[in-house]
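To start, the structure under review is shown below, and the notes come after it.
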Amino acid sequence: MMKSRYRKIESLKVMGSASKAVMGPNIDVLLWNVFKCRREGWQEDFQTLIHDKDLVLLQEAVFNSPFDVIFSQSTQHQWIMARSFKNLQTSIETGIKTGSSVTANKHFCSASPYSEPITKTKKMLLATEYPITSAESSFLESSLLVVNTHIINFVSLRKFKTHLDQVFQVLKHHNGPIILAGDFNTWNGKRLAYFNSLATSLFLEEVKLIRQPRLSHFFKHLDHVYCRGLDVVDVHVHTDIHSSDHFPISLSLKIVASR
């Protein structure tokens with residue numbers, strides 16, 4: 001029997017400190033699968049992209065790497081990482097990471113019910129909540145729920161649906177604004193159709209993105225953003241940045257007090 005190269009961790013790590021007391025009414029967001037920070041130029045691109053962001057949602061993020069100082073010494077963002085597994089050869093840990101200019105009121109993570117084949121590793125969900133304000137009110141009673149996730153891949157449609165169901169269980173009891181974003185591995189029609197059916201059931205609206213499909217992604221778009229209780233002011237896909245196998249996505253959103 002082949003010995004695994006990975007050891008599961010499935011826990012949270014909190015780093016850095018936030019610079020603001022409340023989120024909104026305008027929220028600038030960066031979404032990016034950073035490909036485990038493997039490509040040259042990643043650090044320079046990243047530090048430029050996050051400069052004015054209120055939320056930074058990363059997939060395939062790493063910990064216990066040479067880049068740790070960016071997060072541990074940050075005075076602009078609080079960073080929360082949901083670690084999935086450790087590479088036993090390098091000791092580098094991999095998972096998803098959310099950075100925020102406001103300290104999270106609550107945070108929660110969970111691993112996918114099933115593992116991916118060969119590596120036997122799981123994908124993670126990270127939910128964070130933040131106090132918010134809008135243009136109409138100085139402080140809102142509801143909070144912003146942000147769910148950053150990387151959905152399981154290389155498994156049957158049934159297992160894919162089970163992981164998605166887990167994600168949407170986190171969303172269904174929240175009454176305030178929601179941002180759901182990440183790498184959803186929606187590389188075939190059945191996966192995407194099931195995802196959209198769940199989003200519609202919770203009145204989540206997909207942010208329309210203009211981007212270039214990649215051969216390595218089966219010419220499908222894997223990264224998505226869905227919102228509720230927010231207006232989309234601007235969206236930009238950074239197709240000029242190649243320090244990952246995914247393009248970074250910048251969004252400007254605005255909280256609305258009521259619909």
Side-chain angles (χ1 to χ4, degrees), residues 18-34 46 48-59 76-80 96-107 125-150 167-168 170-172 174-184 186 195-196 198-211 221-239 241 246-259:
S19 56
K20 300 179 182 179
V22 65
M23 191 79 70
N26 300 305
I27 303 174
D28 290 318
V29 183
L30 174 71
L31 170 67
W32 197 13
N33 180 320
V34 293
F46 179 71
T48 298
L49 288 165
I50 68 169
H51 175 68
D52 58 351
K53 297 300 186 292
D54 300 293
L55 287 168
V56 182
L57 310 177
L58 307 178
Q59 301 81 47
Q76 180 185 3
H77 297 100
Q78 177 193 61
W79 294 97
I80 303 177
I96 55 177
K97 188 180 292 183
T98 296
S100 59
S101 61
V102 175
T103 301
N105 284 338
K106 299 178 183 178
H107 46 71
L125 171 158
L126 174 58
T128 48
E129 285 190 31
Y130 305 97
I132 55 175
T133 184
S134 75
E136 292 81 10
S137 174
S138 60
F139 184 77
L140 298 182
E141 292 182 3
S142 61
S143 59
L144 171 68
L145 173 63
V146 178
V147 175
N148 177 8
T149 189
H150 194 175
V167 172
F168 277 84
V170 176
L171 300 172
K172 68 186 298 184
H174 185 74
N175 294 321
I178 291 174
I179 299 173
L180 168 63
D183 178 349
F184 297 114
T186 46
F195 189 101
N196 283 329
L198 293 177
T200 299
S201 71
L202 295 181
F203 305 101
L204 293 168
E205 297 181 5
E206 183 175 10
V207 176
K208 302 303 180 184
L209 303 171
I210 299 174
R211 50 219 169 138
H221 298 309
L222 310 183
D223 307 305
H224 300 274
V225 182
Y226 288 76
C227 296
R228 190 181 75 194
L230 299 121
D231 287 334
V232 179
V233 178
D234 187 47
V235 182
H236 180 68
V237 181
H238 300 271
T239 54
I241 292 180
H246 291 242
F247 294 124
I249 300 168
S250 293
L251 308 100
S252 293
L253 307 173
K254 185 176 182 179
I255 296 172
V256 291
S258 61
R259 283 300 197 190

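This one's a predicted model, so the numbers in the text were calculated from it and none came from an experiment.
- For the pair Leu55/Tyr130, a side-chain contact is recorded, criterion being any heavy-atom separation below 4.5 Å from C-beta on.
- Put simply, CD1 on Ile132 and CE on Met23 are 9.5 Å apart, with the number rounded to the nearest 0.5 Å.
- Taken from NZ in Lys106 to OG1 in Thr128, the straight-line distance is 12.0 Å, to the nearest 0.5 Å.
- Note that CZ of Phe184 and CG of Leu222 are 11.0 Å apart. Values are rounded to the nearest 0.5 Å.
- Nearest heavy-atom pair across Glu129 and Ser143 is OE1-OG, 2.8 Å.
- Taking each heavy atom of Asp223 and Leu209 in turn, the nearest pair found is O-CD1, 4.0 Å.
- Across every non-hydrogen atom of His77 and Asp54, the tightest pair is CD2-O, 4.4 Å.
- Taking the side chain to side chain donor-acceptor pair (under 3.5 Å) definition, one finds that Thr149 meets it with nothing, sequence neighbours left out.
- A search for side chain to side chain donor-acceptor pair (under 3.5 Å) contacts involving Ser252 returns Asp28, not counting sequence neighbours.
- Counting heavy atoms from C-beta outward, Val232 and Val225 have side chains that stay 4.5 Å or more apart.
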> Could you go step by step and tell me if Cys227 and Leu253 meet the side chain to side chain contact (heavy atoms under 4.5 Å, CB included) rule?
Replying inline: CA-CA 9 Å; Cys227 296; Leu253 307 173; 4.0 Å; yes
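- Contact detail for Ser142 and Gly176: the closest heavy-atom pair is CB-CA, 3.9 Å.
- For the atom pair Lys53 NZ and Leu30 CG, the distance stands at 6.0 Å (nearest 0.5 Å).
- In this structure, the separation between CG on Asp234 and CG on Leu251 is 8.5 Å, given to the nearest 0.5 Å.
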>> Evaluate Leu198 against Val167 for side chain to side chain contact (heavy atoms under 4.5 Å, CB included), listing each step before the verdict.
In response: CA-CA 10 Å; Leu198 293 177; Val167 172; over 6 Å; no
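- A distance-only check finds no donor-acceptor pair linking the side chain of His224 to the backbone of Leu180 [under 3.5 Å].
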>> Evaluate Val146 against Val29 for side chain to side chain contact (heavy atoms under 4.5 Å, CB included), listing each step before the verdict.
In response: CA-CA 11 Å; Val146 178; Val29 183; over 6 Å; no
> Please walk me through it: do Thr133 and Ile255 pass side chain to side chain contact (heavy atoms under 4.5 Å, CB included)?
Replying inline: CA-CA 8 Å; Thr133 184; Ile255 296 172; over 6 Å; no
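- At least one donor-acceptor pair closer than 3.5 Å links the side chain of Asn148 to the backbone N or O of Lys97.
- By the 30° and 60° cut-offs, the orientation of the rings of Phe195 relative to Phe168 is perpendicular.
- At a threshold of 4.5 Å between non-hydrogen side-chain atoms, the residues Tyr226 and Asn196 count as touching.
- Remark: the backbone N or O of Ser19 is not paired with any side-chain donor or acceptor of Gln76 at under 3.5 angstrom.
- Here the closest non-hydrogen pair linking Leu145 and Ala127 is CD1-CB, 4.2 Å.
- For the pair Ile27 and Leu144, the minimum side-chain heavy-atom distance is below 4.5 Å.
- Ring geometry for Trp79 against Phe46 counts as tilted: the plane angle lies between 30° and 60°, on a 0 to 90° scale.
- Applying the side chain to side chain donor-acceptor pair (under 3.5 Å) criterion to His150, with sequence neighbours excluded, gives Asp183.
- Looking at Lys172 and Ser201, their side chains never come closer than 4.5 Å, going by heavy atoms from C-beta outward.
- Between Val256 and Asp231 the shortest heavy-atom distance is CG1-OD2, 3.0 Å.
- For Asn175, the CG atom is loosely surrounded, since the number of other residues' heavy atoms within 6.0 Å does not exceed 12.
- No donor-acceptor pair under 3.5 Å is formed between the side chain of His246 and the backbone N or O of Leu31.
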